[in-house]
Amino acid sequence: MLAAMPDSAPSPLSAGGVSPRDGGAAGASPRDGGDACPGTLRLHRADDGALARVRIPGGVLSADRAEALLTAAARFGDGELHLTSRGNVQLRGLGTECGGELAALLTDAGLLPSAAHERARNIVASPLAGLDGSSSIRSWLTELDRLVCDSAAAAALSGRFLFALDDGRGDVDALGADVTLIAGEPSGAALLRIGAADEVFRVPVADAPRAALLAAEEFLCAARDSGAWRVKDLPDDVRAGLIGTIGAASGPSVPRPRPRTATPPAPGTHGSAITADVPLGRLTPAQWRLLTDTARRYGGELRLTPWRGIVIPGPVPRPEAAEALRTLAASGLITAPDSPWTGVGACIGHPGCAKSLSDVRAEAGAAVGAPGRLPVYWSGCERRCGHPHGEWIDVVVTPDGHRISHVRGERRDPPTTVGNDPARLAAAVAEARA
């Protein structure tokens, strides 16, 4: 097993501070501009007020903690809750001086177990794990989060570094995490993947969370000179050395290419669980309260997915599932895979973001038509904040119109540019998705 990295004193975070915007000189290392990822103790300045990102490891949220988030949104922000592509929650429209009160509320609710690690608790997990005959990875999630919070070294992980816990179906394995654990192997072992490597290492199931943490600590050692935030940012030779070091400690590698496309759970029923997707990831107070109340009736838990959906594990009795889904649909949530909103995503756009060239959420809504085969993501600028992984249709606003391209992992087809004609734009997006 890998040796633990020596403890180092993390830099303290100040409640109520505001992070700088993304930046850095051209050609500089990723760390030169500072880690601008928002958290709950370091807020991000946006055009609609400050923004807080609350990490929800594995997307697992109790009804009580969900209610605390709603209270925070109402007391300090615009009242709405926004789901991210990592199953976290963002609060928007915050006052820049609310950080101390916000942190106190979240701490009391158990949502901020470690101030030093609040941005390092980036863990996605298969949202249907243990619900449809697949492996349960809850013990991994609990243990990995505890280990991260107990590691002084892990406090140095950037807000961009990502762990993934996959139950064997490949859904979150496809999300491009820095360290991935995969369950469900016939051999009984867990698989450990580093970045996008096509080979994985077998580790004992009971040791898997510690192996993931120690791999992250080894990454920090490897990243000291390069200034990389993530495994993919490392120079090729450094990344190869990192994988070699972890392999030497873990054992022989086995081939297992990372899935190219993530498959989110379809809205509807999954055994005794129900799933609803959230149009553009934006939840009104009434929708959030309805989801929380529904979860309270059936076990008291919600699971936020990396595809901006919500799973209520239940068990929900089958006769009641259909009625629960009808109620959620009436509130504006997506409860069936044939919804025209299925697979449609967008960044916050204008007026919330000064860098956005248009109100892409309104444009995405105006272009919604028949469901498409591929997901589509609308971005107001070249940063593409929150975009999906795998295969998808990329719509980016430019000064000349909207540039549409088909993305397949690291490959991108030649783009098509459509001028500012809503009808032509909607037709072009529909054709690309089909």
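Being a predicted model, the structure only gives us computed values, none of them experimental. In what follows, residues are counted from 1 in the order of the sequence shown.
- Looking at residues two or more places apart in sequence or on another chain, you find a side-chain contact (heavy atoms from CB on, under 4.5 Å) between Asn88 and Arg53, Arg55, Ile56, Thr84, Arg86, Asn122.
- By the 6.0 Å contact criterion, NE2 on His350 is open, its count of non-hydrogen atoms from other residues, nucleotides or ligands being 12 or less.
- Using a 4.0 Å cut-off between a side-chain N of Lys or Arg and a carboxylate O of Asp or Glu, Arg239 and Asp236 qualify as a salt bridge.
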Could you check Leu374 against Trp392 for side chain to side chain contact (heavy atoms under 4.5 Å, CB included), going step by step and ending with a plain yes or no?
-> CA-CA 6 Å; Leu374 294 173; Trp392 52 289; 5.8 Å; no
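- For the pair Pro306 and Val172, the minimum side-chain heavy-atom distance is below 4.5 Å.
- Pairing each heavy atom of Leu102 with each of Ala72, the nearest pair is CD1-CB, 3.8 Å.
- Within the 4.5 Å cutoff, no side-chain heavy atoms of Thr180 are placed close to those of Leu192.
- Between the side chain of Arg119 and the backbone N or O of Cys37 there is at least one donor-acceptor pair closer than 3.5 Å.
- Using modelled atom types, no side-chain atom of Thr269 and backbone atom of Gly271 make a donor-acceptor pair closer than 3.5 Å.
- Using a 4.5 Å cut-off on side-chain heavy atoms (C-beta onward), Asp413 and Ser405 make no contact.
- Listed for the Tyr298 side chain is no donor-acceptor partner under 3.5 Å among the backbone atoms of Val316.
- In terms of modelled atom types and a separation under 3.5 Å, the side chain of Thr398 and the main chain of Asp400 share a donor-acceptor contact.
- Side-chain contact of Thr245 with Glu218: a donor-acceptor pair under 3.5 Å is absent, judged by distance alone.
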Give the intermediate values and the outcome of side chain to side chain contact (heavy atoms under 4.5 Å, CB included) for residues Leu280 and Trp378.
-> CA-CA 10 Å; Leu280 304 181; Trp378 298 68; over 6 Å; no
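- A distance-only check finds a donor-acceptor pair linking the side chain of Tyr377 to the backbone of Cys385 [under 3.5 Å].
- Proximity of a side-chain donor or acceptor of Arg361 to a complementary backbone N or O of Cys347 within less than 3.5 Å is detected.
- We find that Arg92 and Asp48 are joined by a salt bridge, their nearest charged nitrogen and carboxylate oxygen being less than 4.0 Å apart.
- Asp145 has its side chain within reach of Arg121: a pair of non-hydrogen atoms, C-beta onward, lies under 4.5 Å apart.
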Pair Glu80-Thr284, side chain to side chain donor-acceptor pair (under 3.5 Å): steps then yes or no | CA-CA 5 Å; Glu80 296 186 334; Thr284 66; over 6 Å; no
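- The pair Arg303-Glu301 meets the salt-bridge criterion, since a charged nitrogen lies less than 4.0 angstrom from a carboxylate oxygen.
- Distance alone, capped at 3.5 Å, is enough to place a donor-acceptor pair between the Trp140 side chain and the Val205 backbone.
- Between Arg308 and Asp277 there is no salt bridge, since none of the side-chain N atoms of the basic residue sits less than 4.0 Å from a carboxylate O of the acidic one.
- Looking at Arg411, Arg412, Glu391 one by one, the single match for side-chain hydrogen bond (donor to acceptor under 3.5 Å, both in side chains) with His406 turns out to be Glu391.
- Here the side chains of Thr261 and Arg408 are not in contact, with every heavy-atom distance at 4.5 Å or above.
- Side-chain contact annotation: Glu217 with Ser151, donor-acceptor N/O pair under 3.5 Å present.
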For the pair Ile137 and Asp166, evaluate side chain to side chain contact (heavy atoms under 4.5 Å, CB included) and give the outcome as yes or no after the intermediate values.
-> CA-CA 8 Å; Ile137 51 177; Asp166 194 290; over 6 Å; no
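- A salt bridge links Glu382 and Arg384; the closest N-O separation between the charged side-chain nitrogens and carboxylate oxygens is under 4.0 Å.
- The CD1 atom of Ile243 sits 7.0 Å away from atom CD1 of Ile194, with the distance rounded to the nearest 0.5 Å.
- When every heavy atom of Pro259 is checked against every heavy atom of Arg193, the shortest pair comes out as CD-NH2, 4.5 Å.
- Partner of Thr294 under the side chain to side chain contact (heavy atoms under 4.5 Å, CB included) criterion, chosen from Ile312, Leu325, Leu302: Ile312.
- Although no hydrogens or angles enter the test, the distance criterion places no donor-acceptor pair under 3.5 Å between the side chain of His387 and the main chain of Arg383.
- Phe161 and Phe163 have perpendicular rings, their planes meeting at more than 60° on a 0 to 90° scale where under 30° would count as parallel.
- Scanning all heavy atoms of the two residues, the minimum distance from Arg403 to Thr417 falls at CG-OG1, 4.0 Å.
- Taking a 6.0 Å sphere around CG of Asp225, one finds it holds 12 or fewer heavy atoms contributed by other residues, nucleotides or ligands.
- Within a 6.0 Å sphere centred on CZ of Arg146, heavy atoms belonging to other residues, nucleotides or ligands number more than 12.
- Closest approach of Ala129 and Ser135 over heavy atoms only: CB-O, 3.4 Å.
- A salt bridge between Glu199 and Arg256 is absent, with no side-chain N of the basic residue lying under 4.0 Å from a carboxylate O of the acidic one.
- In terms of the side-chain contact (heavy atoms from CB on, under 4.5 Å) criterion, residue partners of Pro127 (sequence neighbours excluded) are, by chain and number, Asp171, Pro265, Thr305, Trp307, Val311.
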Apply side chain to side chain contact (heavy atoms under 4.5 Å, CB included) to the pair Ile348 and Val360, showing each step before the final yes or no.
-> CA-CA 8 Å; Ile348 195 65; Val360 287; over 6 Å; no
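- With contacts defined as side-chain heavy-atom distances shorter than 4.5 Å, the pair Leu283/Ile310 qualifies.
- No side-chain heavy atom of Phe219 sits less than 4.5 Å from a side-chain heavy atom of Val179.
- Asp233 contributes a side-chain N or O that, together with a main-chain N or O of Arg230, makes up a donor-acceptor pair within less than 3.5 Å.
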Between Arg169 and Asp132, is a salt bridge (charged side-chain N to carboxylate O under 4.0 Å, His left out) present by the stated rule, with each step listed?
-> CA-CA 11 Å; Arg169 75 185 71 221; Asp132 57 356; 2.9 Å; yes
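- Contact of the Val429 side chain with the His402 side chain is not registered, since no non-hydrogen atoms from C-beta on lie closer than 4.5 Å.
- Thr40 contributes atom OG1, which lies 9.0 Å from atom CG of Leu111 (distance to the nearest 0.5 angstrom).
- The backbone N or O of Arg65 lies less than 3.5 Å from a partner atom in the side chain of Ser62, making a donor-acceptor pair.
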